[in-house]
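Scroll down for the structure; my scribbles are underneath it.
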Amino acid sequence: MSKTIKIDGVDVPFEDGQTIMDAALAADIYIPHLCHKPGLSPHGSCKLCTVDVDGRAVSSCTMPASEGQQIANNTPALKEVRKTIIQMLFIEGNHLCPSCEKTGDCTLQALAYHHDMLDGHFPQFYPRRNVDASHPTLIIDRDRCILCELCVRASREVDGKNVFAIAGRGIKRQLIVNSPSGKLADSDIETEDLASHICPVGAILIKDHGYEVPIGRRTFDLHSIAETDLEQVILKKTVHHDA
Ligand code: SF4
Ligand code: FES
């Protein structure tokens, strides 16, 4: 008999070694997440996947499932915490959606809609961070980076490269490029790499491809962020092939 955890009263089976997030996704239960992608090592930084396990707040993407856990995923308090985290991410960068190419395809924006976020609540930081447009086909806009490290892990774990890292402390933390000049043009990243496509926001974009999908046909016009097999839809949509 398989082992189970209970999520919002529903029995969810799990295998040894799975996290609560793994078990939930396999059972088609959506737990909000931003820094987690199946296939990459868990990171535990965004805290959007916070659930209550036996009355204690934990990150479900790093917490191993264990027999008999009673987990709450959909409480008003958790929704409020998650909304606050999203608001903090919005005000800490320059997430000006009306002028961002990623609008409608952006996981951060979709999560904000999902959590009924109507404003940023906190004062805007309006940071000024460097744009790296040195690469022939890719651009980094650090004002939109949410430091999820998906590109860091994709480059290291899937592409077999080590193009990105996060450096600095506190509010000065930012995405850096591991090349002699620190510029993307001097790295070995290629357009086809997963790291070029995995950014859930508009921080790493493919040049010469913008506003190609009409309003009403973008990912989150057609799909809810709560669809648990969304990863493939997003990746398929964001890989561009030049003729
Ligand atoms: S560039 Fe994108 S994928 Fe990389 S850390 Fe920033 S938000 Fe995450
Ligand atoms: S998805 Fe779990 S901490 Fe980000």
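Any value given below was found using the heavy atoms of this structure, including those in side chains, with hydrogens, waters and symmetry copies removed. Since the model is a prediction, treat every value here as computed from it, not as a measurement. Numbering of ligands and ligand atoms starts at 1, following listing order.
When all heavy atoms of Val213 and Arg218 are compared, the pair lying nearest together is O-NE, 2.8 Å.
Using a non-hydrogen distance threshold of 4.0 Å, Pro200 registers as a contact of ligand 1.
None of the N, O or S atoms belonging to Cys199 lies under 2.8 Å away from atom 8 (Fe) of ligand 1. Atom 6 (Fe) of ligand 1 lies under 2.8 Å from an N, O or S atom belonging to Cys145.
Close approach of ligand 2 to Cys49 is summarised as follows: ligand atoms under 4.0 Å from at least one heavy atom of the residue are 1 (S), 2 (Fe), 3 (S). In the vicinity of His33, heavy-atom distances shorter than 4.0 Å reach the ligand 2 atoms 1 (S). Counting atoms of ligand 1 from 1 in the listed order, those under 4.0 Å from a heavy atom of Ala203 are 1 (S), 2 (Fe). Interface atoms of ligand 2 facing His36, defined by a heavy-atom separation under 4.0 Å, are 1 (S). Of all atoms in ligand 1, numbered sequentially from 1 with element shown, those under 4.0 Å from a heavy atom of Val201 are 7 (S). Shown in contact with Ser45 at under 4.0 Å from a heavy atom are these atoms of ligand 2, numbered in order with element: 3 (S). Distances below 4.0 Å separate heavy atoms of Cys61 from the following atoms of ligand 2: 1 (S), 2 (Fe), 3 (S). Atoms of ligand 1 found under 4.0 Å from any heavy atom of Leu175, numbered from 1 in the order shown, are 1 (S).
Both the backbone and the side chain of Cys148 come within contact range of ligand 1, each with a heavy atom under 4.0 Å. Neither the backbone nor the side chain of Ile140 has a heavy atom within less than 4.0 Å of ligand 1. For Lys47, every heavy-atom contact with ligand 2 shorter than 4.0 Å involves the backbone, none the side chain.
Of the possible polar contacts, none joining the Arg144 side chain to the Val201 backbone as a donor-acceptor pair under 3.5 Å is found.
Tested against Leu40, the residues His36, His43, Lys37 include a single side chain to side chain contact (heavy atoms under 4.5 Å, CB included) partner, Lys37.
Residue Tyr126 qualifies as open at atom OH: its count of foreign heavy atoms under 6.0 Å is 12 or below.
Nearest protein heavy-atom contact of atom 7 (S) of ligand 1 is Ile146 N, 3.3 Å. Scanning the protein heavy atoms around atom 4 (Fe) of ligand 1, the nearest turns out to be Cys151 SG, 2.3 Å. Closest to atom 5 (S) of ligand 1 among all protein heavy atoms lies Glu149 N, 3.2 Å.
Separation of the Phe220 and His114 ring centroids does not fall under the 6.0 Å cut-off.
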